[in-house]
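Computed from heavy atoms alone, side chains included, the values below leave out hydrogens, waters and symmetry copies. A, B, ... follow the sequence lines: proteins, then strands. Residue 1 opens every chain. In this text, all values refer to a predicted model and were calculated from it rather than measured experimentally.
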2 protein chains.
Amino acid sequence: MTTAPDPEDLTARARIREAAMRHIGEHGFERATIRGIAETAGVSPGLVRHHFGSKQALREACDEHLVKTMLRLHDEVGNRPLGTLNPVAVMGPYRHYLARALAEGWAAPIFDEMVRIGERWYAEADRDRPDPPDVDPKSRAAVSAAMALSLTVLARHVERGMGVDLDSPQGQDKLLRALLDVHSHPILTPEQAAAARAALDAGPTS
Amino acid sequence: MTTAPDPEDLTARARIREAAMRHIGEHGFERATIRGIAETAGVSPGLVRHHFGSKQALREACDEHLVKTMLRLHDEVGNRPLGTLNPVAVMGPYRHYLARALAEGWAAPIFDEMVRIGERWYAEADRDRPDPPDVDPKSRAAVSAAMALSLTVLARHVERGMGVDLDSPQGQDKLLRALLDVHSHPILTPEQAAAARAALDAGPTS
DNA sequence: TAGGACGCTATACCTATGTATAGCGAGGCG
DNA sequence: CGCCTCGCTATACATAGGTATAGCGTCCTA
């Protein structure tokens, strides 16, 4: 879905941004160095500063580019439930950067955008639901956005746990099937849920 | 469930470890400094090295302590489904460290332990399930472990999305209710799931 | 009481890395 | 042709922070 453009075709500025996203995605913001990014981009470290001013500002430019990419993707993908999308394929090479962005605490707009998407989806899905949900849609959307994104953020762990390479077709197939199963079999039966809700209504405990 | 002991009662070594877990939890491993940790622990920076040798080794000691705490907690909590536990209460003050540990890629043993716990739970839950699951239990366990942990890892985002303070009783109540709803209402209906599975069987697409 | 082990501090060192500045060369423009 | 702008490089600077070393006081032991 998302594929990285040929570095040859890009302006130096864009190459730096791509390199930054790769480095930050791979090592995190702190461990990514301007010198390393510059080398990958094939430019001098000074040029990075020349174009972006500071490391922080470079990150912000990356964030902005990520958001733009995400919004474009959302248009392509339509209104499918977030949790059923293929986490690897959707964000393509940017997924590592996305994971870092979320995990390291910045990139709030990105998460918030996903909450909004989820909210819209819920609004539609709730129409043909027998029992009226008693929690507000935004909270549910936030929780399920987190759950959907967890596969991206914790990809390495999931990968190890499943014993496959998530980049391989087999890995993605296995992941999608597992997701499918989890999303179509609730952890709680209606009775258990009712009991738990009653317990919550009775009084707060751990 | 987990409460931090009074710093006064701890040996310097333990105080350093607690301070490290707090600093790393708050700022991440890279941004946490030995000097800062030492100050919080009320000791000289040199003592940190004296006791732990290096920053890496200090982190490993923290990891070890976290695993020990987790295993003790698991005994207390019993065999409840991971996703229904209160993410804030369970790990107490260590949850920020846990979040960093998972997000920054180390702490594999911790995740793996949770997969194992989930696997055991699934093995039991599958016995009274009408349709036989066609994905292996470990994959499902890995996926749902990731989803359960996402609320810890992405706590700040969820907090912002829900518009509450997850440390407050109200926040926890709201979170638990949202969790309850999400876990008792599958995103996919059996028909949708069947269709999706059929699509997967037909051939790989995004 | 002498001596050593140990917990701990103070200080110094050194590297990595973000940032700042000076200058170069090519292309556009008068 | 002369000059200026601008993308870009090379170099230097400053500092944060991990690591290393020397030494001090206290308690335990012979």
- What does the inter-axis angle of the helix from dT1(C)-dA30(D) to dG30(C)-dC1(D) come out as, five pairs per end, nearest 10 degrees? 20°
- Message: On a heavy-atom basis, which atom in Gly118(B) and which in Ala141(B) lie closest, and how many Å separate them?
- Response: C-CB, 4.0 Å
- Taken to the nearest whole Å, CZ/Arg59(B) to P/dG17(D) is 18 Å
- Message: Check this for me, if you would: do Arg116(A) and Glu119(A) make a salt bridge, where the nitrogen-to-carboxylate-oxygen distance has to be below 4.0 angstrom?
- Response: no
- Message: I'd like to compare against my own output: the B/S/- annotation of nucleotides 18-24 of chain C with a strict under-4.0 Å heavy-atom distance to protein.
- Response: BBBB---
- Task: Give a yes or no on whether a salt bridge exists between Arg59(B) and Asp63(B), defined as a side-chain N under 4.0 angstrom from a carboxylate O.
- Result: yes
- Message: What is the distance, to the nearest angstrom, from the NE2 atom on His51(B) to the C1' atom on dC6(C)?
- Response: 9 Å
- According to a strict under-4.0 Å criterion, is His50(A) in side-chain N/O contact with OP1 or OP2 of dC8(D)? no
- Please state how far atom NE2 in His27(B) lies from atom C1' in dG17(D), giving the value in whole angstrom units. 15 Å
- Query: Got a salt bridge between Asp201(A) and Arg177(B), using NZ or NE/NH1/NH2 to carboxylate O under 4.0 Å?
  - Reply: yes
- Backbone of Gly25(B) reached by a side-chain donor or acceptor of Arg100(B) within 3.5 Å: yes
- Message: Rounded to whole Å, please give me the gap between CG in Leu47(A) and C1' in dT11(D).
- Response: 16 Å
- Verify, without hydrogens or angle tests, whether His23(A) (side chain) and Ala19(A) (backbone) share a donor-acceptor contact under 3.5 angstrom. no
- Query: Just how far, in rounded Å, is P of dG7(D) from CZ of Phe52(A)?
  - Reply: 12 Å
- Query: Is a salt bridge present between Lys138(A) and Asp112(A), judged by a nitrogen-to-oxygen distance below 4.0 Å?
  - Reply: no
- Between atom CG in Leu58(B) and atom C1' in dT19(D), what is the gap in whole Å? 14 Å
- Name the one of Phe52(A), Tyr97(A), Tyr94(A) that satisfies ring pair (Phe, Tyr, Trp, His ring centres under 6.0 Å) with His65(A)? Tyr94(A)
